[in-house]
Amino acid sequence: MTATLPVSVESDIFYPSADSQPVAETYDHLYALLTTLEVLKQYLANRQATVLGNQFLYYAQGFPKLRVAPDVMVIFDVAPGGRDNYKIWEEGQVPIVIFEMTSFSTKGQDEIFKKTLYEQLGVKEYWLFDPKGEWVEQQLRGYRLRGEIYESIQDGRSEPLQLRLVVEERLIGFYREDTEEKLLIPDELVEALRQEILARQQAEELAEQERQRAEQERQRAEQAELQIEQLKARLRSLNVDPDTIE
């Protein structure tokens, strides 16, 4: 009798990485999503962490329909870099912070279903950002896990990220708690780089001008010294000791 190895049921299960749904509801939501994603990616670039945007989070092995696509999720203690999707049982880590760019049309999903799900999964912080100010008071609302229950965040801080969050028009502004330095968004990074290049060029121009002035002074000093020596030589030719002339 020939023995046969059992075929893994899991290997036959397909976990999609995309659907037909749009990435974001409006331009403001898309811009807030992409900006938050890029800012946090840069902030955590040297950490053992990854930041994913609008990608499927699978939370029940063997059940590909049990999934959600957070707008931005931060996961610690995993290999850096992107994924087509994120399976909790493969990575071994639950997202530590999740951001949803919410609107009035997604209010129920974001405030009830996702909040309950993330709470049950053990996501440490859940933030709702309403770029258009349609239903969230002051546009930003956060929840922090205390035990097994979400409590409203009152201090505007992300404890896991060690960042202070501030609403800046239709974006979230992120500030380091240790230095109060703002994490620049891509447009601000470009402008900062432009200003740095401009400042460097101006410093180089000033240094060149100073070098030229120093060279001119050196040449004038040499010319004056030459004229003095010529005058002394002429006095000597007239049998006059230059050293006796005050």
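Side chains included, hydrogens not; waters and symmetry mates left out as well; all remaining heavy atoms used. Here the structure is a predicted model, which is why all the values come from computation and not from measurement.
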Exercise. Do other residues, nucleotides or ligands put more than 12 heavy atoms under 6.0 Å from the CD atom of Gln212?
Worked result: yes

Exercise. Under 4.5 Å between any side-chain heavy atoms of Lys87 and Phe56, yes or no?
Worked result: no

Exercise. When rounded to the nearest 0.5 angstrom, what is the spacing between CG in Leu145 and OH in Tyr126?
Worked result: 14.0 Å

Problem set entry | Side-chain heavy atoms of Arg67 within contact of Pro16, under 4.5 Å | yes

Exercise. Picking from Leu184, Val166, Ile185, Leu163, what satisfies side chain to side chain contact (heavy atoms under 4.5 Å, CB included) with Phe174?
Worked result: Leu163

Seminar exercise, completed: Here the pair of heavy atoms bringing Gly156 nearest to Ile153 is N-CG2, 3.8 Å

Exercise. What closest approach, in Å, do Ala32 and Leu171 show between heavy atoms, and which atom pair accounts for it?
Worked result: CA-CD2, 3.7 Å

For this session: Decide whether Tyr43 and Gln162 meet the rule of one side-chain donor and one side-chain acceptor closer than 3.5 Å.
Result: no

Problem set entry | Over all atoms of both residues, closest heavy-atom pair of Gly53 and Leu37 | N-CD1, 3.8 Å

For this session: Mind running side chain to side chain contact (heavy atoms under 4.5 Å, CB included) on Leu128 and Glu111 for me, showing each step along the way?
Result: CA-CA 8 Å; Leu128 289 165; Glu111 178 70 0; 3.1 Å; yes

For this session: Return yes if some donor-acceptor pair links the side-chain N/O of Thr179 with the main-chain N/O of Arg176 below 3.5 Å, else return no.
Result: no

Exercise. Glu100 and Tyr118: which non-hydrogen atoms are nearest, and at how many Å?
Worked result: OE2-OH, 2.8 Å

Exercise. Is any side-chain heavy atom of Lys124 closer than 4.5 Å to a side-chain heavy atom of Val97?
Worked result: no

For this session: Measure from NZ or CZ of Lys115 to the centre of the six-membered ring of Tyr143, then state whether that distance is under 6.0 Å and the direction lies within 45° of the axis.
Result: yes

Problem set entry | Considering all heavy atoms, the nearest Pro70-Leu57 contact | CD-CB, 4.0 Å

Problem set entry | Donor-acceptor under 3.5 Å (Tyr15 side chain, Gly62 main chain) | yes

Exercise. Looking at side-chain heavy atoms only, is the closest gap between Val94 and Val123 below 4.5 Å?
Worked result: yes

Exercise. Taking a hydrophobic cluster as the set of Ile, Leu, Val, Met, Phe, Trp and Tyr residues connected by side-chain heavy atoms closer than 4.5 Å, whether directly or through intermediates, do Tyr175 and Val74 fall within one such cluster?
Worked result: no

Problem set entry | Carboxylate-amine/guanidinium proximity below 4.0 Å for Asp71 and Lys114 | no

Exercise. Where do Leu52 and Gly82 come nearest, in terms of heavy atoms and distance?
Worked result: CD2-CA, 4.0 Å

Exercise. Got more than 12 heavy atoms from elsewhere within 6.0 Å of CD, Glu222?
Worked result: yes

Exercise. Name the one of Leu117, Asp110, Thr116 that satisfies side chain to side chain contact (heavy atoms under 4.5 Å, CB included) with Phe113?
Worked result: Leu117

Exercise. Under a 4.0 Å N-O cut-off, is there an ion pair linking Lys132 with Glu169?
Worked result: no

Problem set entry | Side chains of Thr102 and Asp130, donor plus acceptor under 3.5 Å | no

Exercise. Hey, are Glu38 and Gln42 close enough side-chain-wise for a donor-acceptor pair under 3.5 Å?
Worked result: yes

Exercise. For the side chain of Arg170 and the backbone of Glu168, is there at least one donor-acceptor N/O pair under 3.5 Å apart?
Worked result: no

Problem set entry | Glu229 CD to Arg234 CZ distance, which is reported to the nearest 0.5 Å | 15.5 Å

Problem set entry | Pro80 and Thr50, any side-chain heavy atoms less than 4.5 Å apart | no

Exercise. Do the non-hydrogen side-chain atoms of Glu91 and Ile75 ever get within less than 4.5 Å of each other?
Worked result: no

For this session: Report the C-alpha distance between Asn85 and Gln55 in whole Å, list the side-chain angles of each, state the deciding distance to 0.1 Å, and finish with yes or no for side chain to side chain contact (heavy atoms under 4.5 Å, CB included).
Result: CA-CA 5 Å; Asn85 55 51; Gln55 289 163 293; 5.6 Å; no

Seminar exercise, completed: Which of Arg213, Arg211, Arg218 passes side chain to side chain donor-acceptor pair (under 3.5 Å) with Glu215? Answer is Arg218

Exercise. Side chain to side chain donor-acceptor pair (under 3.5 Å) with Ser158: which of Glu177, Glu125, Arg164?
Worked result: Glu125

Exercise. Which value, rounded to the nearest 0.5 Å, describes the distance between Gln223 atom CD and Gln216 atom CD?
Worked result: 13.5 Å

Exercise. Around Asp155, counting heavy atoms of other residues, nucleotides and ligands shown, do more than 12 lie under 6.0 Å from its CG?
Worked result: yes

Exercise. Got a salt bridge between Glu134 and Lys107, using NZ or NE/NH1/NH2 to carboxylate O under 4.0 Å?
Worked result: no

Exercise. Any chain of hydrophobic side-chain contacts (each under 4.5 Å) joining Ile112 to Met101?
Worked result: no

For this session: Report yes or no: do Glu25 and Ser105 form a side-chain donor-acceptor pair below 3.5 Å?
Result: yes

Problem set entry | Check: Trp127 ring centre within less than 6.0 Å of Tyr150 ring centre | no

Problem set entry | Gap separating the CG atom of Leu140 from the CZ atom of Phe129, nearest 0.5 angstrom | 7.0 Å

For this session: Check whether any side-chain heavy atom of Leu33 sits under 4.5 Å from a side-chain heavy atom of Thr35, and report yes or no.
Result: no

Exercise. Would you say Thr26's side chain and His29's backbone share a donor-acceptor pair under 3.5 angstrom?
Worked result: yes

Exercise. Think Arg47 forms a cation-pi with Phe76, using NZ or CZ under 6.0 Å from the six-ring centre and within 45 degrees of its axis?
Worked result: yes

Problem set entry | Atom CD of Glu137 with >12 non-hydrogen neighbours under 6.0 angstrom | no

Problem set entry | OH on Tyr59 to CD1 on Ile88, rounded to 0.5 Å | 9.0 Å

Exercise. Got Val51 and Lys41 here, is their nearest side-chain heavy-atom distance under 4.5 Å?
Worked result: yes

Problem set entry | From CA spacing to verdict: side chain to side chain contact (heavy atoms under 4.5 Å, CB included), Tyr58, Lys65 | CA-CA 8 Å; Tyr58 288 99; Lys65 290 186 178 181; over 6 Å; no

